[in-house]
2 protein chains.
Amino acid sequence: MKQTTLQDIANTLGVSISTVSKALKDYPDIGIKTKALVRELAVTLNYTPNPFAVNLRTKQSKTIGVIIPEFVHYFFSSVIKGIINEAEKKGYLVITLQSNESFELEKRQIELLLNKNVDGVLISLANATATFDHLKTVMERGKPLVMFDKIAKIVNCSKVIINDREAAYNATKHLVDTGCKRIAHFRGPLLPQNSIDRFLGYKKALDDHNIIYDPSLVFICNDMTFDEGKMFAHKLIENHKDVDGVFINTDLVAIGAMTGFKELGLHIPRDISIVGFSNWFMSSAITPSLTTINQPGYKMGKVAFKRLYKELKKQKNNIEIIPKTIELETTLIVRESTKT
Amino acid sequence: MKQTTLQDIANTLGVSISTVSKALKDYPDIGIKTKALVRELAVTLNYTPNPFAVNLRTKQSKTIGVIIPEFVHYFFSSVIKGIINEAEKKGYLVITLQSNESFELEKRQIELLLNKNVDGVLISLANATATFDHLKTVMERGKPLVMFDKIAKIVNCSKVIINDREAAYNATKHLVDTGCKRIAHFRGPLLPQNSIDRFLGYKKALDDHNIIYDPSLVFICNDMTFDEGKMFAHKLIENHKDVDGVFINTDLVAIGAMTGFKELGLHIPRDISIVGFSNWFMSSAITPSLTTINQPGYKMGKVAFKRLYKELKKQKNNIEIIPKTIELETTLIVRESTKT
DNA sequence: GTTTTTAACTAAAACGTTTTAGTTAATTTT
DNA sequence: AAAATTAACTAAAACGTTTTAGTTAAAAAC
């Protein structure tokens, strides 16, 4: 029941604690026979270092904190999976916390992580977050901070993102390229930069292809739900029978919209083409399958941790950390909801 | 940058470390003016106890570990959310790990958590897990262990489950009650007890209602995907045109199956009724909406943590822990995929 | 006015590790 | 054979907290 300590090994072997510690860490000033003896006994006694003592002494816990807006979410859980997998490879464990899209909660979670003395923090911001002192506190405390997906450009830390604007541009361009003339857009709420960027990408694509931007073709989804997609599909067609393409902020809403369009007797993609965003796993399953932008969640998690790890190393070796923004590739996945 | 310590406060105030420590913890043997002074300074200096030192001294970290088979999964991420939310209320943080349905990985994750010295462990077993020494190790190390959803009856620890058999019975009974005579079943793989239990519940319901069990109406899903559901829908109808109801192990597969049946020109529920399992959020969104069993993931997470917390308390007070199995209510949610 | 009690504080050990600065004894150098 | 070097080990501090067992001085009791 009681865990073996260095003391225990030292006592049975009649050597000092330092000798045991050094033997286990392969210091050069310990004799080979002693090393062998110590290691053997360590194995027999099933010795594992007491992490609390190690933490105290080394001032690091090999633990990082992650804050995301929402756990039950395909994209974010993919990111988390990527983070955890990558962290494990490097001997780090991950404490996950959820901001629930609330600024107050996000601040609180940062507090918790800081009080826990995690070695570093990964965060994707809540929609409600507009000031960033809590993030600066993290850095002031000497903890590397990496933001991913929902970031704040103003904070001077490393970031892992996709180019939402460019991706949205390509999504919209695909609609144009496949013959759409009247292209609507279901956008996300006003706050996270991402939904603004996607909207801007949509607008730019119209512009570049001499299609006049018509604000009445843009709908704002606040809940980003299936039902919202369905509802806006109906609303759109009600007033604009001539619409022949829609670029939709996220796949779930897009699938809702497809259901809505089908209810109205429209054929996809003959009557109306749809492009989603995120490549949710259902997008390939439904009929017709959904053309969409692949948002690499798992990879983003991996890359974000890798970056944090690099900064952790640099910090340890007293090398200055220069924040870096890493942009991940997105790809347009053409399926059946758009014409060929 | 450097964190304030008790020492710092003691020095500026000209008192001892013990006095400061006790003042902050409101010990009765410290004068009120001293307490006030200490607290004030603690606030000004922004003192927070060094968790590493506290851990070492108190031998607990206020951290628990959670292992689940798969992160990117509606049910499991709901459970995790419940756990984390509840844990936070009680001042605990959560380290999450994924077994990826592999026994080897599960063992490894247990190792990691044990080496990290978490205060307790919550686990939902991998399908591949058939021996349980690694779980016994957890308890032998004096760490409370609570299993949820995918459990092993043989392990003598607390458990939080649903009654899969009863729920499946009710699901199947609903089909019988609404007039189905030939009822098929798409079951899960052979390994987790849950899929066996659901199958047994299905069988029992047939039995109790004088419907002869026909093994050729039961299909085994190994991947539990949308596509598998669609495929088995086709296979089923190919050989059994008289089937008028299907109880399906999980909603995702059920939705796949519904797509399959629709492709074959069958009307749901007129020609064939469907009942799913888990109440995935898409189940209410699709058309027709899916009748299903509500599997309360979020609540399961909350209850599982609450139980662990209770055991943590008991252990602290040297009260014997008597393992308890908590069964959560499931409800049949009747929607449009079954007749009224 | 001495003893007893109480209030308010402190010393120091303990938690288990890591690492610096030694200390021995044996070996090599001159 | 004395001096210098090396190999192998150890003592002890340090990390920052908690808590037990005191200590001191003032207040209460007789």
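Just so we're on the same page: letters track the sequence lines, and every chain starts at 1. Values in this document were obtained by computation on a predicted structure and should not be read as measured data.
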In whole angstrom, what separates [X]'s [atom1] from [N]'s [atom2]?
X: D8(B); N: dC15(D); atom1: CG; atom2: C1'; result: 13 Å
X: L24(A); N: dG16(C); atom1: CG; atom2: P; result: 16 Å
X: Q3(B); N: dT17(D); atom1: CD; atom2: C1'; result: 14 Å
X: I32(A); N: dC9(D); atom1: CD1; atom2: C1'; result: 15 Å
X: I17(A); N: dA12(D); atom1: CD1; atom2: P; result: 12 Å
X: N115(B); N: dG16(C); atom1: CG; atom2: P; result: 16 Å
X: L6(A); N: dC15(C); atom1: CG; atom2: P; result: 13 Å
X: L13(A); N: dT10(D); atom1: CG; atom2: P; result: 10 Å

Residues at least two apart in sequence or cross-chain that pass side chain to side chain contact (heavy atoms under 4.5 Å, CB included) with V54(A), listed by chain then number, are P49(A), T58(A)
When you look at E106(B) and L125(B), which way does the side-chain contact (heavy atoms from CB on, under 4.5 Å) test go after all the steps? CA-CA 8 Å; E106(B) 185 177 289; L125(B) 297 182; 3.5 Å; yes
Name the pairs: protein N/O against N/O of nucleotides 22-28 of chain D, kept only if under 3.5 Å.
none

Of the non-hydrogen atoms in [X] and [Y], which two are nearest, and what is the gap between them?
X: K35(B); Y: P28(B); value: NZ-CA, 4.3 Å
X: M300(B); Y: L328(B); value: CA-CD2, 3.5 Å
X: L6(A); Y: S21(A); value: CD1-CB, 3.8 Å

Intra- and inter-strand pairing of DNA chain D, written as dot-bracket with Watson-Crick and G-U pairs under 3.5 Å and | for the latter, reads ||||||||||||||||||||||||||||||
With sequence neighbours left out, the residues meeting side chain to side chain donor-acceptor pair (under 3.5 Å) with E311(A) are S158(A), R307(A)
So, do [X] and [Y] sit near enough that their side-chain heavy atoms are less than 4.5 Å apart?
X: L113(A); Y: N115(A); value: no
X: V94(A); Y: T63(A); value: no
X: L114(B); Y: R141(B); value: yes
X: I319(A); Y: K313(A); value: no

(Q) Is there a side-chain contact between S21(A) and the phosphate of dT18(C), meaning an N or O under 4.0 Å from OP1 or OP2? (A) yes
Residue pairs passing the ring-ring contact (aromatic ring centres under 6.0 Å, His included) test with at least one member in residues 12-59 of chain A, sequence neighbours excluded, are none
Applied to residues 102-132 of chain A, the ring-ring contact (aromatic ring centres under 6.0 Å, His included) test, sequence neighbours excluded, yields F103(A)-H134(A)
**Message:** When you measure only distances, ignoring hydrogens and angles, does the side chain of S16(B) come within 3.5 Å of the base of dA11(C) through a donor and an acceptor?
**Reply:** no
In numerical order, the residues of residues 33-44 of chain B whose heavy atoms come under 4.0 Å of DNA chain C are T34(B)
*Could you give me the CA-CA distance, side-chain angles and deciding distance for F71(A) and F76(B), then say whether side-chain contact (heavy atoms from CB on, under 4.5 Å) is met?*
CA-CA 10 Å; F71(A) 242 88; F76(B) 283 123; over 6 Å; no
Residues of residues 54-64 of chain A with a heavy atom under 4.0 Å from any atom of DNA chain D, listed by number, are L56(A), R57(A), K59(A)
Per the under-4.0 Å heavy-atom filter, residues of residues 45-52 of chain B near DNA chain D come out as Y47(B), P49(B), N50(B)
So salt bridge (charged side-chain N to carboxylate O under 4.0 Å, His left out) across residues 7-23 of chain A, not counting sequence neighbours, yields K2(A)-D8(A), K22(A)-D29(A)
ask   = Contact class for T5(A) vs. all strands (heavy atom < 4.0 Å): base, sugar-phosphate, or nothing?
value = sugar-phosphate
The nucleotide from dG16(C), dT10(D), dA12(C) with an atom nearest the side chain of A53(A) is dG16(C)
Among the nucleotides dT19(D), dT19(C), dC9(C), whichever has the atom closest to the side chain of Y27(A) is dT19(C)
Under 3.5 Å, is there a donor-acceptor pair between the Q98(B) and Q109(B) side chains?
no
Quick note, side chain to side chain donor-acceptor pair (under 3.5 Å) partners involving residues 67-78 of chain B, not counting sequence neighbours, are K81(A)-E70(B)
The complete set of side chain to side chain donor-acceptor pair (under 3.5 Å) pairs with one or both residues in residues 317-326 of chain B, sequence neighbours excluded, reads none
